[in-house]
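Heads up, the thing below is written out as structure tokens.
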Amino acid sequence: MRHTKKFIAGTAILAIWAMPTVASAAPPGPSFAPVVCERGTKNVRFSSHTKSNVITHKKKVSIPDGATGQKSITTTVETTVTAGVTYNTGATLSADVVIASLEGTTGLELAANLSKTSTSSQTFTMNFNKVGTYVVFDGVEMASGNWVGTKCNSNGTAVVSAGSGKAKSWAIGHEGAINCASSYRAGSMQAKAKTFC
């Protein structure tokens, strides 16, 4: 018997790999500016500032022979100092913020906006231990300067101008008595009081 070989043709299966397609670019979305500052924060910088001694109350007193010792002296008002802030057009910062910055700049403990030194006479008890001419006084240290303000916008994306202006305030000084025949350090409160001798 003849044997017939049967061949079963294998079906070739071709793997077809899908070629990757390039995704189309997404349409541009909204533009977001980077955050550069904390929203609502405010800053004040003083471009210039000065400090000076101001005599607010004074009384010139002569102590003759036999009249030395402790005395109560009533002084009169020489000048009144008022704390205040002025604004150029468009300035939006509060006076309290400006004066707080002046305080930090000068290192003085300053009075709040619109505070005034005493407008009444002042009485001090002094000990005069030798004859001579004296000036009994009360005084404050005054600070003033020109300021420039900035603030962070509502989105925190930019620092913008908040105006400019001037500011002044005063720090509690001290009372005392100077002898008109004595010398005092230039620029001191005592030297300022001596100008009234």
Side-chain angles (χ1 to χ4, degrees), residues 20-58 75 77-122 124 137-176 178 184-195:
T21 57
V22 178
S24 59
S31 176
F32 293 102
V35 174
V36 297
C37 55
E38 185 177 345
R39 291 181 298 174
T41 56
K42 300 173 183 178
N43 182 61
V44 176
R45 177 180 59 85
F46 276 82
S47 58
S48 63
H49 71 277
T50 59
K51 293 191 289 186
S52 59
N53 292 314
V54 178
I55 301 299
T56 59
H57 297 74
K58 65 176 177 54
T75 61
V77 177
E78 169 62 22
T79 190
T80 301
V81 178
T82 304
V85 177
T86 60
Y87 298 89
N88 294 333
T89 303
T92 58
L93 295 178
S94 71
D96 290 343
V97 169
V98 175
I99 289 181
S101 179
L102 181 60
E103 185 173 71
T105 299
T106 60
L108 298 174
E109 187 175 344
L110 297 175
N113 184 48
L114 301 181
S115 296
K116 292 183 178 182
T117 55
S118 174
T119 57
S120 303
S121 61
Q122 302 286 325
F124 305 106
F137 68 90
D138 191 12
V140 297
E141 191 166 3
M142 183 174 174
S144 60
N146 299 310
W147 61 270
V148 176
T150 57
K151 64 181 179 180
C152 183
N153 67 9
S154 60
N155 296 322
T157 56
V159 175
V160 298
S161 173
S164 60
K166 297 181 179 181
K168 65 177 181 177
S169 188
W170 50 274
I172 294 175
H174 59 273
E175 70 276 358
I178 59 97
Y184 300 92
R185 178 178 56 83
S188 65
M189 191 76 72
Q190 290 82 359
K192 186 73 175 180
K194 190 176 177 180
T195 63

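The first residue of the sequence shown is numbered 1, and numbering continues consecutively from there. Heavy atoms only: backbone and side chains are in, while hydrogens, waters and symmetry mates are out.
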Look up atom CD1 in Ile55 and atom CD in Glu175, then write down how far apart they are to the nearest 0.5 Å.
11.5 Å
Short question: side chain of Tyr184, backbone of Met189 - any donor-acceptor pair under 3.5 Å?
no
Where do Gly156 and Arg39 come nearest, in terms of heavy atoms and distance?
N-CG, 3.3 Å
List in chain and number order the residues that pass ring pair (Phe, Tyr, Trp, His ring centres under 6.0 Å) with Phe124, two or more places apart in sequence or in another chain; answer none if no residue qualifies.
none
Which heavy-atom pair separates Val44 from Val97 by the least distance, and what is that distance?
CG2-CG1, 3.8 Å
Hey, does the side chain of Asp96 reach the backbone of Ala112 with a donor-acceptor pair shorter than 3.5 angstrom?
no
Sub-3.5 Å donor-acceptor pair from the side chain of Ser169 to the main-chain atoms of Leu110, do we have one?
no
Does Thr195 use its side chain to pair, donor to acceptor, with the backbone of Lys192 at less than 3.5 Å?
yes
Could you grab the distance from atom NE2 of His49 to atom OG1 of Thr106, nearest 0.5 Å is fine?
6.5 Å
Closest non-hydrogen atom pair between Phe46 and Thr105, with its separation
CD1-OG1, 3.9 Å
Kindly give the heavy-atom pair with the smallest separation between Leu108 and Ala171, and that separation in Å.
CB-CB, 4.2 Å
Before giving the answer on side-chain contact (heavy atoms from CB on, under 4.5 Å), spell out for Cys152 and Glu38 the whole-Å C-alpha distance, their side-chain angles and the decisive distance to 0.1 Å.
CA-CA 6 Å; Cys152 183; Glu38 185 177 345; 5.5 Å; no
Check whether any side-chain N or O of Glu78 sits under 3.5 Å from a backbone N or O of Lys58 as a donor-acceptor pair, and report yes or no.
no
Can any side-chain N or O of Thr86 pair as donor or acceptor with the backbone N or O of Gly165 at less than 3.5 Å?
no
Evaluate side-chain contact (heavy atoms from CB on, under 4.5 Å) for Glu141 paired with Glu109, printing each intermediate quantity in order.
CA-CA 10 Å; Glu141 191 166 3; Glu109 187 175 344; over 6 Å; no
Say whether Ser47 and Asn146, considering side chains only, have a donor N or O and an acceptor N or O under 3.5 Å apart.
no
Can you tell me how far the NZ atom of Lys151 sits from the OG1 atom of Thr41, to the nearest 0.5 Å?
11.0 Å
Which atom names give the shortest non-hydrogen contact between Cys37 and Ala158, and what distance separates them?
SG-O, 3.6 Å
Can a donor-acceptor pair be found, under 3.5 Å and without considering hydrogens, that links the side chain of Thr117 to the backbone of Val81?
yes
Taking Thr75 for the side chain and Phe137 for the main chain, is one N or O donor matched with an acceptor at less than 3.5 Å?
no
Give the intermediate values and the outcome of side-chain contact (heavy atoms from CB on, under 4.5 Å) for residues Val77 and His57.
CA-CA 4 Å; Val77 177; His57 297 74; 3.7 Å; yes
Approximate separation, where rounding is to 0.5 Å, of Ile99 CD1 and Trp147 CH2
11.0 Å
Report the distance from atom CG of Leu102 to atom NZ of Lys166, rounding to the nearest 0.5 Å.
14.0 Å
What distance do Lys42 atom NZ and Thr92 atom OG1 have between them, rounded to the nearest 0.5 Å?
6.5 Å
What pair of heavy atoms forms the shortest contact from Val85 to Ala167, and how long is it?
CG2-CB, 4.1 Å
Ser144 versus Thr50, side-chain donor and acceptor atoms under 3.5 Å:
yes
